[in-house]
Structure formats: structure tokens, C-alpha cells
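Quick notes on the structure that follows.
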Amino acid sequence: MNLRLTNTLTGRAEPFVPLEPGRVGMYSCGPTVYAPAHVGNFRSFLFADLLRRYLAWQGLAVTWVMNITDVDDKIIRDARREGVEIGELTARYTALFLEDAQRLRMTPPDVMPRATEHVTDMVALIEQLLARGHAYRTGDGSIFFRIASWPGYGRLARLDPTQQRVGERVESDEYDKDDVRDFAVWKGPREGEPSWETAIGPGRPGWHVECSAMSMRYLGPTFDIHTGGVDLVFPHHEDEIAQSEAATGQPFVRTWLHCAHLQMGGEKMAKRTGNIERPADVYARGYSPRALRYALIAAQYRAPLEFGDESLRAAASAVERLATVLAALDAYRADAAPDATLPALLEETRGRFVDALDDDLNVSPALAAVFDLVRELNRRIDARALSTEDAATAAAFLRDLDRVLGIMEEEAEGLEAELEAMLEERAAARARRDWATSDRLRDELAGRGVLIEDTRDGQRWRRVVEAQRG
RNA sequence: GGCGACGUACCCAAGUGGUUAAGGGGGAGGUCUGCAAAACCUCUAUUCAGCGGUUCGAAUCCGCUCGUCGCCUCCA
């Protein structure tokens, strides 16, 4: 394994060496469940998924943890607005997130800890901070991390704490703290807000402390990889490092990975500005989850990626091309001698694929290798140059690469009996060269969303989910 | 103001010192096919924001200029 990853901590691509040979502990900042996640959020989750899949494909035992933030200011605000308990709101959006993630074929994380179920872990961490003098209480029962007590602060974000701009933010801050830069690890109880009775008093956890407590709970005080969007570098991850290392006295995360923003119209996709699109919006316009996944993972994670109808349309076509060659390989039957050059072709493709992904998860050249292979396979299919066995080998090879990509096929799905019967009827009509009946059935099936293609290996069908027009 | 990323064809996007500047999409023409679709073939950047410099040689290194985006505050 020659994987190199760009560590935000150093700003450079470094060889990835797991703490424990053969095993990888990886944590990804997950969603705050007060609204549906947008596709920009999913870029970040799917980038982590791609990494997870690649590591696993390379034979590493990965433990992937993704948190669900189910208590925070916005959740409280929105629940109050709706007049429901926060648990009702978060259950709703957690379910939606899981459904969206599944449709996008995000590998289910090994652990998806919820903040509200780990308050004890957070309290224990805060107690450590208090004991070591890195945190202090304020009059309202809140507890703040004292940045002045942590000299390494600002290292991840390369921010000089003394040069931080402090302005309006200071006045608007609702809590009373010693230093404006200090951040809350614990928020004192307030009327109408959820509160936990704990060893450090009543209240609720701050946002940053949640990720520290839960990641270390499942991965230990020091673990391999932590991912998130670039917008989390500061202050979220910076704060995580400070409080985690201050509490344990040990290094926290070895490799920090941050993916660039998804852009729409040249600007960051962000809920705040309303410049967002959600998976449901994309599907409503006729694009499949597979096309969306492709659009989100097809560029290297550190580069900003332009998202929109153009990219979705391109993704839909690309994904169709992959599905088509697999269908053709599956249907292929020929009394031909084995193709002597096929093994070398597959080997070369695999080499290019691995080299590209090893290079900081550079998917573009990896996909280029796949598409070069697809063209070559189509050529050989057309020329009937493969044996039946070759076709099966090539299909299995592509499906193996797809364990990393997750873009090639829809979930296995059958056809309704009625449509199945129409297919058989059409095959019979074709056998007697009854073109009129054949064409009529093809039109009818098309109307039902099933596209027919006639090939030397017989008729082939596939469902049409992608929009023909945007 | 501080920190960082980036500007490659009609669109998306690789390439970061050396033969013909990946790949996907789109477009044009052609082949195959009962038709359709798919597939295949050919073409679609003598040029990499601009200007200087280093070098035998630069899209790739250096400098300047212009432009874009992000972070510094809740944010994937």
C-alpha cells in the first residue's frame, strides 16, 4: 500500500502509515440533524466513504465512525419553533439522512454515535480539562476551554491567535467568558432548553467536545484519520485538537483530511445563503442516485467542484456507459478462443487505478483508466474477440473496482411479471421477424420506463431513471 | 487586514520540467443495424489567465499583473 494523503496538519502529501499495521481508525464529522442534508454535505461524506472503501479494498480493516449531532442551538431553535421535543425533530432527520446516505451507497459506518447518548463521555473529558486547568466555569454554569492554556492552538488552521479578527462577534456572544476566543465545552442550563444532570452540573454539551469525546471513545486517544469539509478546519477541528490533547496529554489525530466545497454557480453551496440543492431535488429532476454519487465523487476531494445540471447530465451519461458495458458483458456469448491479451489489459488498468487513488485519492485518472478499459472492452465485444469466459472475467473485474467507486449498477432489481411477459412476447415476435409487433412492444415498454436494446446477444433491457433532458 | 486554494478546449476535469496536453460530457461526420438504441471510428486546445524571467527544454519552477473562490463567525 503506497497511499499518500494530504495532511492538513502539515499541508503536504504524506505516506499513510496506520498506527497499527493492517488496521485503520477513521472518524468523519457527520450531519447535524435539524434539516435534510444537502448535496454539499454529501460530497464530504462520500469522499470519506470513498476513502473507507479504498482502504478496505486494499485489505485494511477499517473502523469508520461518523457522528450524528442531535443536540445543538439550531436543533433547539427549530424544535421550539415546531413545538416538539428535540428528539422528535432529530429522529425525523436522522432517518432521512440514513435513507439519503443509503441511496447514495455510502457504506454504513461501523459506528454512528449520537451526541445525546454520549454525554457521559463528554463530561468525563470536561472533567479532565477542569482538573488540568484547561477549562473554567462561568457564572451561568457554562464551562469554557481556555485557549491561553494551550500553546499549540492555531496550528491546524495556521492561524495566529493574536491576529484573529474580533469584532461584532464579541458583542453578540451570549456567554460570559474570560477571553473572546475561548469556546464552550459545556453550556449551562437555560429555560426551555434540554439539560442533563451531570457530575459537572446541569447543562448541555458544546459542539466541539462531542466529536472529541465520541471519536476517542471508539477509536482511542490517538487515531489515524479524521475527515470533514474545509469549513470545519477552524474552529471546529482546531478546538477538537486542543481539548482532546489537553485532556489526554496524547496526540489526537495523525492525519487530518479536508475536502473542498461543492460549488454552484461558482459559489460555495451553503444552507445559510440558500445556495443549496438536496438529493431529493436532484432525483425530482430525473437524475438517479448513482448519477448524483458520480457527480459528487468524480473529482479529487481537495479541489472545489462545480455542481449543477451540466455536471449531473455528464454524470448520468458516464454512469450509463458503465452500466451498458456491464450489461453487454453479461449477455455476451461467443464460441471464441480466449483473448490472450485480456489479462495484461486488466492488469494495466488495475495498476493505473491503484496509482491514481494512491496519489491522494485522485479519482479522475482512476476513472480515466476505467473508461479506457471500457472502450477497449466494447471494441472486443463488437469484434466478438472475447470468449464467453473472458466476458465474465472482465465483468467481474469491473465489479471489483466498483467496490471502491460504487457507481456501476443499480441495486439488483427484477422486472414485474407483466413486463417480463412483454419481453418474452417481443423476443418471440423478433424470432419470426414480426417487426411491427416488436416495435410496438418496445414503445410500450419505453412508456413504462424500460428501455430495450437489440444486440447480437439478444434483446437487453434497462430501466431509464436518468433524465433525458435536464 | 491575516491565512489558504485556484485560473487547462463549448462544459466538467487530469497532467506540476522533456515523445502526439488524460478521461467524461457535449457537438460534427462516418460504420454497424429491419428500424431504434448502444457500441465503434474520425474530427473538436500548435496550446495551458496575461506579461516577464530561469532552463537546451515550462501548462509545469521564479517574479509581477489581472481574475475567481474559501477560511478567519454557525457551516461538510
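Remember, predicted model here, so these are calculated numbers, not experimental data. Each chain gets a letter, A, B and so on, in the order the sequences are listed, and its residues count up from 1.
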Taking donor-acceptor contacts at under 3.5 Å, does the side chain of [X] reach the base of [N]?
X	N	value
A/R313	B/G24	no
A/D231	B/C74	no
A/R442	B/A36	yes
A/K74	B/C74	yes

*Proximity to RNA chain B (any heavy atom under 4.0 Å), residues of residues 360-375 of chain A only*: A/N362, A/S364, A/P365, A/A368, A/F371, A/D372, A/R375
*asked:* Any base atoms under 4.0 Å from A/R433, or only sugar-phosphate, or nothing? Heavy atoms, all strands.
replied: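 Result for A/R433 = nothing.
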*Across the strands shown, which category fits A/G266 at heavy-atom distances under 4.0 angstrom: base, sugar-phosphate, nothing?*
sugar-phosphate
Specify the separation, in whole Å, of atom [atom1] of [X] and atom [atom2] of [N].
X	N	atom1	atom2	result
A/E453	B/A38	CD	P	7 Å
A/Y301	B/A76	OH	C1'	15 Å
A/I147	B/C72	CD1	P	14 Å
A/I276	B/C74	CD1	P	20 Å
A/Q263	B/U68	CD	P	13 Å

Looking at [Y] and [X], is there a salt bridge between them, counting it only when a charged N and a carboxylate O are closer than 4.0 Å?
X	Y	result
A/R380	A/D339	yes
A/D140	A/K187	no
A/R278	A/D281	no

*Would you call the rings of A/Y153 and A/F183 parallel, tilted or perpendicular if under 30° counts as parallel and over 60° as perpendicular?*
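Ring orientation of A/Y153 relative to A/F183: parallel.
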*Consider only side-chain N and O atoms of A/D360 and A/Y301, and report whether a donor and an acceptor are under 3.5 Å apart.*
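Their side chains do contain a donor-acceptor pair, which is all the 3.5 Å distance test asks for.
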*Have A/N7 and A/E14 got a donor and an acceptor in their side chains that come within less than 3.5 Å?*
yes
*Mind checking the P distance from B/U60 to B/U19? Whole angstroms is fine.*
14 Å
*asked:* For the C1' atoms, the ones on B/A28 and on B/A9, what distance do you get once it is rounded to whole angstrom?
replied: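 Per the computed distance, 15 Å lies between those C1' atoms.
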_Test of understanding: with salt bridge (Lys or Arg N to Asp or Glu O under 4.0 Å), list the residues that count as partners of A/R448, not counting sequence neighbours._
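Scan of A/R448 (salt bridge (Lys or Arg N to Asp or Glu O under 4.0 Å), adjacent residues dropped) gives A/E418.
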*Test A/R440 against A/E444 for salt bridge (Lys or Arg N to Asp or Glu O under 4.0 Å), laying out the working first.*
CA-CA 6 Å; A/R440 178 179 58 76; A/E444 281 178 26; 2.9 Å; yes
Strand partner of [N], provided both Watson-Crick or wobble distances fall under 3.5 Å:
N	answer
B/U33	none
B/U73	none
B/C43	B/G27
B/A38	none
B/C56	B/G18
B/C66	B/G7

*Taking OP1 and OP2 of B/C35, is either one under 4.0 Å from a side-chain nitrogen or oxygen of A/R426?*
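The answer is no; no side-chain N or O of A/R426 sits under 4.0 Å from OP1 or OP2.
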*asked:* Between A/K268 and B/C71, is there a contact of a side-chain N or O with OP1 or OP2 at under 4.0 Å?
replied: yes
*Candidate nucleotides B/A14, B/G15, B/C40, ranked by approach to the side chain of A/A299 - the nearest*: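 Ranking B/A14, B/G15, B/C40 by closest atom to the A/A299 side chain puts B/A14 first.
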*Out of B/G2, B/C35, B/A13, which has the shortest distance to the side chain of A/L159?*
B/G2
Side-chain donor/acceptor pairs under 3.5 Å, residues 257-267 of chain A, sequence neighbours excluded:
residue, atom, partner, partner atom, Å
A/H258, ND1, A/T8, OG1, 2.7
A/H258, NE2, A/H237, ND1, 2.7
A/H261, NE2, A/D231, OD2, 3.4

*Could you say whether A/A318 or A/E306 is positioned toward the 5' end of RNA chain B, judged by the nucleotide with the nearest heavy atom to each?*
A/E306
